[in-house]
Amino acid sequence: MKIIMLGAPGAGKGTQAQMIAEQYGLPHISTGDIFRANIKNGTDLGKEAKTYMDQGKLVPDELTVRILLDRVAQDDCKNGYVLDGFPRTIPQAEVLDAELTKLGDQIDFAINVDVPDENIIKRMSGRRACLKCGATYHIVHVPPKQEGVCDKCGSELVLRDDDKPETVKNRLSVYHEQTQPLIDYYTKKNVLKTVDGTVPKEDVFKAIISILG
Ligand code: AP5
Ligand code: MG
């Protein structure tokens, strides 16, 4: 099963993608997590990506597509994957479709996690992220068992550099301009399903499970 998670920054794509990945035994692939791991390790890719991410802009398509295609060509992706944060532009979606068509394959579901902008800003300041395994928490809504420590891998939790209110506003406007058109794109392909992302994460997950079967 090949699944795409769509939604505004902070809609809960990562939270749900991780739960879907566990439930169905699929790899969870987040381009944002791949970039953040590279920034943490000081790679050239990380240095380049950081200049865009810190401003809330998108990393150029060419670079992002190359990384994603490398990742989905790995062995663990044979039976499918959950893509979180990719595609984010129409050209990215077109490249992914072209690659899948070559393999006689296609995306099965594009899940749109719907959360209005006004809820997003409030969520982001409370988010804490694990840069090692990609797990995400919220100090009020989704707290870790021990403050500041990842439940899954024991690493330190941090506030992401791009979660400052000013950057979040930029990310939201980039989302509306460049990513929201994908909702139409996947609607036309008959794979788009929208879920209400404002309810507790377990209820969002139930709605997704009922779609995926
Ligand atoms: P990325 O890491 O993908 O960030 P994003 O899309 O801005 O999304 P987030 O990770 O911020 O939010 P999320 O939807 O995963 O929400 P989460 O589950 O954490 O990308 C970062 C940057 O990398 C981009 O700005 C860009 O520069 C670059 N980039 C990445 N991919 C790219 C691409 N394809 N092309 C070009 N550039 C790219 O949840 C948010 C918070 O809410 C958490 O605190 C969580 O605990 C809480 N929460 C989750 N669900 C609920 C709920 N139901 N109720 C209450 N709280 C909840
Ligand atoms: Mg995320």
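Numbers here simply count residues along the sequence, with the first being 1. Just follow the structure's listing: the first ligand is 1, and inside any ligand the first atom is 1.
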Residues [X] and [Y] bridged, charged N to O under 4.0 Å:
X      : Y      : result
Arg127 : Asp163 : yes
Asp161 : Lys50  : yes
Asp117 : Lys169 : no
Asp61  : Arg88  : no

Could you report the tightest heavy-atom contact between Leu172 and Ile121, atom names first, then the distance?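 Heavy atoms only, the tightest pair is CD1-CD1, 4.1 Å.
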
In terms of residue, atom name and distance, what is the protein heavy atom nearest to [atom]?
atom                    : result
atom 24 (C) of ligand 1 : Arg88 NH2, 3.9 Å
atom 37 (N) of ligand 1 : Val59 N, 3.0 Å
atom 7 (O) of ligand 1  : Arg171 NH2, 2.5 Å
atom 40 (C) of ligand 1 : Gly10 O, 3.6 Å
atom 35 (N) of ligand 1 : Gln92 NE2, 2.9 Å
atom 44 (O) of ligand 1 : Tyr137 O, 2.7 Å
atom 48 (N) of ligand 1 : Arg123 NH1, 4.0 Å
atom 47 (C) of ligand 1 : His138 CB, 4.1 Å

Which one holds for [X] and ligand 1: side chain close, backbone close, both close, or neither close, with close meaning a heavy atom under 4.0 Å?
X      : result
Gln16  : neither
Val142 : side chain
Met124 : side chain
Ala129 : neither
Leu58  : both
Phe35  : side chain
Pro200 : backbone

I'd like to check which ligand 1 atoms, numbered from 1 as shown, lie under 4.0 Å from a non-hydrogen atom of [X].
X      : answer
Thr64  : 33 (C), 34 (N), 35 (N), 36 (C)
Gly14  : 13 (P), 15 (O), 18 (O)
Thr15  : 17 (P), 18 (O), 39 (O), 45 (C), 49 (C)
His141 : 55 (C), 56 (N)
Lys57  : 26 (C), 27 (O)
Gly197 : 53 (N)
Val199 : 52 (C), 53 (N), 54 (N)
Ala8   : 14 (O)

What's the spacing between [X] [atom1] and [Y] [atom2] if we round to 0.5 Å?
X     : Y     : atom1 : atom2 : value
Cys77 : Ile29 : SG    : CD1   : 3.5 Å
Leu68 : Phe86 : CG    : CZ    : 4.0 Å
Gln18 : Ser30 : CD    : OG    : 10.0 Å
Leu58 : Leu63 : CG    : CG    : 12.0 Å

Next on the checklist: Is it the case that atom CD in Glu118 sees more than 12 heavy atoms from other parts of the structure closer than 6.0 Å?
Outcome noted: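 Buried by this count: over 12 neighbours within 6.0 Å.
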
TODO: Decide yes or no for Val195 and Asp114: does some side-chain heavy atom of the first lie under 4.5 Å from some side-chain heavy atom of the second?
DONE: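 Val195 vs Asp114: side chains apart.
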
Requested in this report: Determine, using heavy atoms of Ala11 and all atoms of ligand 1, whether some pair is separated by less than 4.0 Å.
Outcome: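 Contact check Ala11 vs ligand 1: positive.
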
Exercise. Determine whether any heavy atom of Gln18 lies closer than 4.0 Å to an atom of ligand 1.
Key: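 No, that is not the case, since the closest heavy atom of the residue is not under 4.0 Å from the ligand.
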
Options Gly85, Gly134, Pro87, ranked by nearest heavy atom to atom 34 (N) of ligand 1, top entry: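 The nearest heavy atom belongs to Gly85.
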
Cluster link [X] to [Y], ILVMFWY, side chain under 4.5 Å:
X      : Y      : value
Leu96  : Leu6   : yes
Leu83  : Ile208 : no
Leu100 : Leu192 : yes

#### Entry: Side-chain donor-acceptor pair present, Asn79, Tyr24, cut-off under 3.5 Å
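No, no side-chain donor-acceptor contact under 3.5 Å.
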
Could you check whether Thr43 and Asn41, counting side-chain N and O atoms only, form a donor-acceptor pair closer than 3.5 Å?
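No.
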
Judging by distance only, is a nitrogen or oxygen of [X] under 3.5 angstrom from one on ligand 1?
X      : answer
Arg36  : yes
Asp33  : no
Tyr52  : no
Thr198 : no
Gly12  : yes

Step-by-step salt bridge (charged side-chain N to carboxylate O under 4.0 Å, His left out) determination, Asp108 to Lys193
CA-CA 11 Å; Asp108 299 299; Lys193 302 283 176 188; over 6 Å; no

Checklist entry - So, does Asn38 use its side chain to make a donor-acceptor pair with the main chain of Ile34 at under 3.5 Å? => result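 Checked: pair present.
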
